[in-house]
Peer 1: 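Got a structure here, written out as structure tokens. Questions coming.
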Amino acid sequence: QVHLVESGGGLVQAGGSLTLSCAASGSIFSINAMGWYRQAPGKQRELVATISRVGNTNYADSVKGRYTISRDNAKNTVYLHMNSLKPEDTAVYCCYAELATSCVEQWDDYWGQGTQVTVSS
């Protein structure tokens, strides 16, 4: 089975920085896109950032210029570097990976359990 485990969440002061990590493990042949979602209670789930296998990135307008997504393909890990954090960034952040489990590259989506990020004002 494939598992994605996030780490790095916590409490940070407004204006501060935080880095999230998400490591994929298990029967993985290859990983295509990876990224991060976030969801706050009572609010719509939002796609925060994505990164392709070759490093092409996309960001939500709400985080553009403040967040940076990166990945280490050798470690099957995606990172989210968050700067200039605002209270409205408070949410559960969940990573995903589009991956194949065999040499037949049929991509399936896998999700982590999420990590809480809380930004105090």
Peer 1: More than 12 non-hydrogen atoms from neighbouring residues, nucleotides or ligands closer than 6.0 Å to CD on Gln13, yes or no?
Peer 2: no
Peer 1: For Thr50 and Thr57: C-alpha separation, side-chain torsions, deciding distance, then whether side chain to side chain contact (heavy atoms under 4.5 Å, CB included) applies.
Peer 2: CA-CA 6 Å; Thr50 61; Thr57 59; over 6 Å; no
Peer 1: State the CG-OG1 distance between Leu18 and Thr115, to the nearest 0.5 angstrom.
Peer 2: 8.0 Å
Peer 1: Given side chain to side chain contact (heavy atoms under 4.5 Å, CB included), test Thr101 with Ile28 step by step and report yes or no.
Peer 2: CA-CA 5 Å; Thr101 56; Ile28 300 171; 5.7 Å; no
Peer 1: Is the number of heavy atoms from other residues, nucleotides or ligands under 6.0 Å of Gln113 CD greater than 12?
Peer 2: no
Peer 1: Establish, from distance only, whether the side-chain atoms of Gln1 and Ser27 form a donor-acceptor pair under 3.5 Å.
Peer 2: no
Peer 1: Rounded to the nearest 0.5 Å, how far apart are CG of Leu99 and CD of Glu105?
Peer 2: 11.0 Å
Peer 1: Starting at CZ of Arg53, measure out to CD of Glu98 and round the result to the nearest 0.5 Å.
Peer 2: 12.5 Å
Peer 1: Within this structure, what is the CG-OG1 distance for the pair Leu4 and Thr77, rounded to the nearest 0.5 Å?
Peer 2: 9.0 Å
Peer 1: Looking at Ser62 and Ala60, would you say the former's side chain and the latter's main chain have a donor-acceptor pair under 3.5 Å?
Peer 2: no
Peer 1: Any link between Tyr110 and Val92 through a network of hydrophobic side chains (Ile, Leu, Val, Met, Phe, Trp, Tyr) touching at under 4.5 Å?
Peer 2: no
Peer 1: Quick one: pull up NZ in Lys43 and OG1 in Thr90 and give me the separation to the nearest 0.5 Å.
Peer 2: 8.0 Å
Peer 1: For the side chain of Glu6 and the backbone of Ser21, is there at least one donor-acceptor N/O pair under 3.5 Å apart?
Peer 2: no
Peer 1: Without swapping roles, check the side chain of Arg71 against the backbone of Ser52 for a donor-acceptor pair under 3.5 Å.
Peer 2: yes
Peer 1: Is there a side chain to side chain contact (heavy atoms under 4.5 Å, CB included) between Leu20 and Val117 once you walk through the steps?
Peer 2: CA-CA 9 Å; Leu20 307 182; Val117 172; 3.9 Å; yes
Peer 1: I need the minimum non-hydrogen distance between Cys94 and Gly112, along with the two atoms involved.
Peer 2: SG-O, 3.1 Å
Peer 1: Roughly how far, to the nearest 0.5 Å, is the CD1 atom of Ile51 from the CE atom of Met34?
Peer 2: 9.0 Å
Peer 1: Strictly below 4.0 Å, N to O, side chains only: are Asp61 and Lys64 in salt-bridge contact?
Peer 2: yes
Peer 1: For residues 78-85, dump all side-chain donor-acceptor pairs below 3.5 Å to protein atoms at least two apart in sequence or in another chain.
Peer 2:
| residue | atom | partner | partner atom | Å |
| --- | --- | --- | --- | --- |
| His81 | ND1 | Thr68 | O | 3.4 |
| Asn83 | ND2 | Ser17 | OG | 2.8 |

Peer 1: For residues Ser25 and Asn76, determine if any side-chain heavy atom of one lies less than 4.5 Å from a side-chain heavy atom of the other.
Peer 2: no
Peer 1: Report the C-alpha separation of Arg66 and Asp89 in whole Å, then their side-chain angles, then the decisive distance to 0.1 Å, and conclude whether the side chain to side chain contact (heavy atoms under 4.5 Å, CB included) test is met.
Peer 2: CA-CA 11 Å; Arg66 299 187 298 117; Asp89 293 320; 2.7 Å; yes
Peer 1: Identify the heavy atoms of Arg38 and Ala91 that sit nearest to each other, and give their distance.
Peer 2: CB-CB, 3.9 Å
Peer 1: Apart from Trp107 itself, what residues make up its hydrophobic cluster, given side-chain heavy atom links below 4.5 Å?
Peer 2: none
Peer 1: May I have all residue pairs that pass ring pair (Phe, Tyr, Trp, His ring centres under 6.0 Å) and include part of residues 13-61, sequence neighbours excluded?
Peer 2: Tyr37-Tyr96, Tyr37-Trp111
Peer 1: For Ile31 and Ala97, work out which heavy atoms get closest and say how close.
Peer 2: CG2-CB, 4.1 Å
